[in-house]
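Naming convention: chains lettered A, B, ... in sequence-line order (proteins, then strands); numbering from 1 in each chain.
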Number of protein chains: 2
Amino acid sequence: MVDESRTRARTRRAILDAAVTVLSKDQGASLSDVAAVAGVGRTTVHRYFPERSDLLEAIGADLLEKVAAATARAKLAEGPALEAIDRLCQEYFELGDGLMLMFELPEMMNWAGWEEETEADRALTRLVERGHAEGDIDPELDAPWVQQVLWSLLYAAWSHIRDGAPKHATMARCLRTLRKALASDVDRRDGQRGVGRDLQR
Amino acid sequence: MVDESRTRARTRRAILDAAVTVLSKDQGASLSDVAAVAGVGRTTVHRYFPERSDLLEAIGADLLEKVAAATARAKLAEGPALEAIDRLCQEYFELGDGLMLMFELPEMMNWAGWEEETEADRALTRLVERGHAEGDIDPELDAPWVQQVLWSLLYAAWSHIRDGAPKHATMARCLRTLRKALASDVDRRDGQRGVGRDLQR
DNA sequence: CAAAAGTGGAACATATCTGTTCCATAGAAG
DNA sequence: CTTCTATGGAACAGATATGTTCCACTTTTG
């Protein structure tokens, strides 16, 4: 894992990406399917990932990195808490198929990397607590529940898009829904900023 | 399907229920597993549902009925729109494992019965539109999106419970979240009724 | 009680996916 | 150009789930 020839790195990525694409559409897909989409022989897949579980594990690790990167980009420590969550939601949204995989692939949710609390989890927890302290986030909603809501709304958004809904509008609705759900009732200052305020009647 | 002896009906139900229980925990579970939990021989399962797909189809149909019944019980045409959605959410919540199956079992979401719009869908659509007209529901959130949000929050709630969260408290948070998310900003009358108002700081 | 209905288990055939080995060849790197 | 890396494909072995058949046994039902 230390260093790989460029070709090896490229093939590896191709397989990983293909796997995410294929498995997010059909979690029961065979390795042949993955190989086909990756434009690679089935043998090659086994060369990189001896067992199916190795591939899944690699996907998990890859996803974990992407989540970490997305969380970092959202800079959760900066600005009003609700705006920070907005940014986080947008970043996670970009994970696309990978996001769906986390929900839909059984072996993914049970896999080791997600059991332990990641830095991303901790950052979100800190953010929610800050939101509570600053009066921006509904004090009745604790960090774990906020996390559940965030992910499930993202899931809802992507499902909706899969059903043919326009991407951008759906994203806007998702953000709006999340923001309203989490906003403290006392503090309404930031709740309406951004998306479609003027459409309000 | 016309009439079945009592024994047959009971065995059939046992298999169906066992299947929901087992498959909601492991979508890849074999028919042997289902048979074992149902307290029935594998042969018997095949007698009632010749192919795996037949079993899945039967579960789908069964679930569809339960959803219809739950929707009817919620009496969506009565009372303020937000309260009606509250009732609906509580009714659906009771579906338990069946609810998770709809999300997690791939063959379930693609299955025929869900494609066409059911009476339950139409009732919800009418409710949302009524909510818009009466100023109770956020006009920016249309019926399909409201439906997505409703189901995904239920999914979030059950996932949270699976993770060890207390059932009742989670349900309360789920309702609160949904209500706030859907409430129109103009109309705040009903937004706070019920769950944990006195815990507000 | 006797016939009929319902059941369980063994045995078998079949399909599919997995994981492995081997070899010839294409492509990169020196 | 030559060497070495990476690859694709065929062929094979093993595991697992599916679906079927048959028969003896139990329970219901008339």
Do the side chains of B:Glu119 and B:Arg122 get close enough for a salt bridge, i.e. N-O under 4.0 angstrom? yes

Just how far, in rounded Å, is [atom2] of [N] from [atom1] of [X]?
X	N	atom1	atom2	result
B:Asp54	D:dG19	CG	C1'	11 Å
A:Arg12	D:dT7	CZ	P	12 Å
B:Leu56	D:dT18	CG	P	11 Å

Test log, rule side-chain contact (heavy atoms from CB on, under 4.5 Å), inputs A:Leu64 and A:Trp114: CA-CA 8 Å; A:Leu64 213 51; A:Trp114 302 104; 3.2 Å; yes

Reckon A:Tyr48 has a side-chain N or O less than 4.0 Å from the OP1 or OP2 of D:dT7? yes

Any side-chain N or O of B:Thr11 below 4.0 angstrom from OP1/OP2 of C:dG6? no

For nucleotides 16-30 of chain C, just jot down a letter per nucleotide in 5' to 3' order: B, S or -, based on protein non-hydrogen atoms under 4.0 Å. -SBBBB-------S-

Axial cation check for A:Tyr48 ring with A:Arg8, 6.0 Å and 45° limits: yes

Indicate the ring-plane relationship of B:Phe103 and B:Trp151, choosing parallel, tilted or perpendicular according to the 30° and 60° boundaries. tilted

Donor-acceptor under 3.5 Å (A:Asp54 side chain, A:Glu51 main chain): yes

Nearest heavy-atom contact between B:Leu63 and B:Gly98 is CD2-O, 3.5 Å

